[in-house]
Amino acid sequence: KSLETQAAPLLRVIPLGGLGEIGKNMLVLEADNNLLIIDAGLMFPTSEMHGIDIVIPDASYVIDRLTQVRGVILTHGHEDHIGALSYFVEQGLRAPVYATALTQGLLEVKLREQKLLGEADLHTVTADDVVELAPFTVEFFHTTHSFPDSVGVSVLTPAGRVVHTSDYRFDPTPVDGRPTEEEKLRKWGDEGVLLLLADSTNAERRGSTDSEATLEATLDTVMAEAPGRVLLATFASNLGRVQQVINVARRHGRRVGMVGRSMVNNVRIAIKLGYLDIKEEELLTAGEMESLPGHEVVIVATGSQGEPTSAMVRMSMGDHRQLVLREGDTVVLSATPIPGNEELFNRTVDNLFRQGANVLYHELGNVHVSGHGGQEDYLRMFNLTRPQYFIPVHGEYRHLVLHARLAQQWGLPAAHVFILEDGDTVEFGRFSSEETIEARHGEKIEAGHVYVDGLGVGDIGNVVLRDRRQLSQEGFIVCIVAVDEYDGEIIYGPEIISRGFVYMREQEDLIRRAQEAVSKLIKKKVPATVLENKIKDALGNFAAREIGRRPMVLPLVIEM
């Protein structure tokens with residue numbers, strides 16, 4: 001066959017989320033018009049996304065090709081890897097979903113809440129399984145992460161082997177006693193890895209991530225020295241951290257209780273599936289958390305990021321229904337604030353101090369260990385897999401660039417390293433030689449944010465967000481005027497209503513002059529729409545001139 005007839009790609013790599021951002025991780029591999037999805041996560045909104053609840057990937061490329069989807073692989077149960085899947089099931093995704101038992105358990109809760117559990121085709125896998133989804137063969141390797149039973153994936157494709165690490169680190173002393181499976185990675189490296197896709201979250205961090213054992217030493221000291229209750233806030237899905245707390249609490253004669261709906265649900269599922277070494281009846285009730293002597297109590301709660309409705313934030317404000325912070329309590333915020341969350345985090349710390357608690361957080365000690373590796377871990381992954389090509393994933397743009405530079409320092413040619421963002425694609429095939437698989441940039445596809453606000457999915461766009469941003473910054477003015485439909489004379493108004501612009505009772509003179517500015521416009525009969533546009537321009541210019549603000553102006557002209 002001529003090279004011309006072989007020029008079609010054997011494999012396309014299509015990132016739909018998680019590149020150039022933290023969260024909403026989703027990747028698609030395409031071969032012979034067959035699609036394999038790896039993860040389908042969500043992202044929490046930034047401060048500029050006013051009113052938005054969550055953000056999910058724009059999966060139009062997949063939704064338009066549902067019959068071509070051979071399967072969905074979920075690497076672990078964190079929201080940024082599974083949180084969007086239920087929305088895609090709602091849109092018709094029926095391909096089989098493969099996940100480890102705990103990940104599947106958490107996914108079932110989400111699907112059940114949205115009345116979609118009966119629509120999903122769920123399959124439980126272990127790190128030792130092999131799944132045939134022609135033309136893909138999927139293998140797994142256990143990874144050390146802040147979620148028990150996390151896995152990375154190796155996919156045999158028509159172009160060669162693709163290894164996707166998902167979130168990982170190398171830890172010689174992990175909580176569950178199961179380190180990242182290096183032997184599998186080394187074996188695949190010996191056999192030949194075409195492409196490595198690897199987590200870039202900690203590309204700025206030199207060295208390796210500390211072992212979980214270092215945090216356990218900190219918890220030991222805290223529980224030994226705390227005169228009263230110990231309260232620890234962490235992510236509800238960080239079940240490895242929960243097990244550490246349980247282990248240390250036992251050594252110090254303390255019992256453990258859980259607070260926060262998502263924490264309680266996740267722990268209950270983890271106990272049921274055997275991922276936590278504790279019985280449900282051993283957990284403290286809310287009443288026991290309040291009534292037992294403080295030195296016998298440990299409480300694990302949600303709210304490590306200062307989330308407004310979380311249990312720890314409610315306690316910090318003194319309005320939790322069941323628990324009240326008191327003098328002698330020690331609070332450990334076992335997390336570092338996500339970029340953009342610093343204000344909420346700091347406010348929570350201040351409020352906890354106001355309640356009289358002794359607060360430990362990342363600035364004061366070793367209270368958190370990242371679930372992601374550092375630069376030394378990344379180099380170790382290169383040494384194990386020895387890929388021909390590399391695409392950094394899971395990170396903001398600077399993380400991807402720094403990880404790409406590290407790959408080149410390791411020895412990969414610059415032409416074999418691709419820095420992508422959501423929607424960029426890379427194709428692999430025999431483009432110039434019948435013997436050699438090569439890579440090239442492919443056609444960019446539509447990918448971006450889909451905003452979820454209440455029950456609405458995708459009905460909020462950039463224009464609405466821009467309006468919300470303007471309303472939050474400058475407020476609005478409503479101008480109501482009724483005119484005679486025959487001669488255009490004013491029958492009523494103009495009446496001006498303001499919210500978030502000025503306090504009307506204290507700015508009566510300003511409002512009167514704004515009314516006069518509108519009255520001067522109405523001199524002869526013009527169509528209502530033309531008059532509304534004139535009022536909008538006039539009041540906008542008036543506000544900018546008089547007070548230096550640009551409120552949203554909403555004119556309403558009524559013809560009577």
Side-chain angles (χ1 to χ4, degrees), residues 42-56 58 60 87 90-91 307-309 340 343-344 446 448-560:
L42 59 76
M43 182 173 77
F44 293 105
T46 65
S47 58
E48 295 181 346
M49 299 176 186
H50 301 283
I52 299 302
D53 296 324
I54 61 170
V55 185
I56 63 175
D58 181 348
S60 304
Y87 295 95
E90 190 171 21
Q91 294 178 63
E307 303 95 317
T309 61
E343 183 179 347
L344 289 173
E446 184 175 344
H449 294 336
V450 171
Y451 302 110
V452 179
D453 185 2
L455 298 178
V457 180
D459 59 337
I460 302 295
N462 290 327
V463 173
V464 174
L465 285 182
R466 184 191 64 203
D467 289 346
R468 289 181 178 183
R469 192 154 45 243
Q470 185 178 6
L471 287 168
S472 73
Q473 294 170 348
E474 308 285 358
F476 69 87
I477 297 172
V478 176
C479 178
I480 304 171
V481 59
V483 298
D484 189 296
E485 64 177 324
Y486 295 107
D487 58 19
E489 292 292 322
I490 295 177
I491 298 174
Y492 170 81
E495 179 184 0
I496 290 181
I497 302 169
S498 167
R499 293 292 184 274
F501 171 57
V502 295
Y503 185 47
M504 294 180 63
R505 291 184 181 178
E506 295 179 356
Q507 295 287 344
E508 292 180 356
D509 181 61
L510 181 72
I511 298 300
R512 179 184 54 77
R513 287 186 285 122
Q515 290 171 327
E516 291 174 354
V518 173
S519 296
K520 291 177 182 178
L521 293 173
I522 308 171
K523 296 178 180 178
K524 60 180 180 179
K525 176 171 172 50
V526 295
T529 53
V530 174
L531 185 54
E532 285 178 349
N533 288 333
K534 288 187 174 183
I535 292 173
K536 185 175 182 178
D537 292 341
L539 285 179
N541 293 334
F542 174 85
R545 183 176 64 252
E546 295 290 330
I547 203 169
R549 299 175 192 165
R550 284 284 183 183
M552 181 177 289
V553 180
L554 304 172
L556 177 60
V557 176
I558 304 170
E559 292 181 319
M560 302 178 69

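Between the CZ atom in F542 and the CD1 atom in I535 there is a gap of 14.0 Å [rounded to 0.5 Å]. The CG atom of D509 sits 4.5 Å away from the CZ atom of R513 when rounded to the nearest 0.5 Å. With rounding to the nearest 0.5 angstrom, the CG atom of L554 is 10.5 Å from the CD1 atom of I497. Going from atom CD1 of I511 over to atom CD of E516 covers 12.0 Å, rounded to the nearest 0.5 Å.
The heavy-atom pair separating L539 from C479 by the smallest distance is CD1-CB, 3.7 Å. Taking every heavy atom of both residues into account, D58 and V450 meet most closely at CA-CG2, 3.6 Å. For E495 against Q515, the heavy-atom pair with the smallest separation is CA-NE2, 4.3 Å. Between V553 and G540, the shortest heavy-atom contact is CG2-N, 4.0 Å.
Comment: K534 does not engage D537 in a salt bridge, judged by the lack of any side-chain N to carboxylate O separation of less than 4.0 angstrom. A salt bridge does not link K536 with E532: none of the charged nitrogens is closer than 4.0 Å to a carboxylate oxygen.
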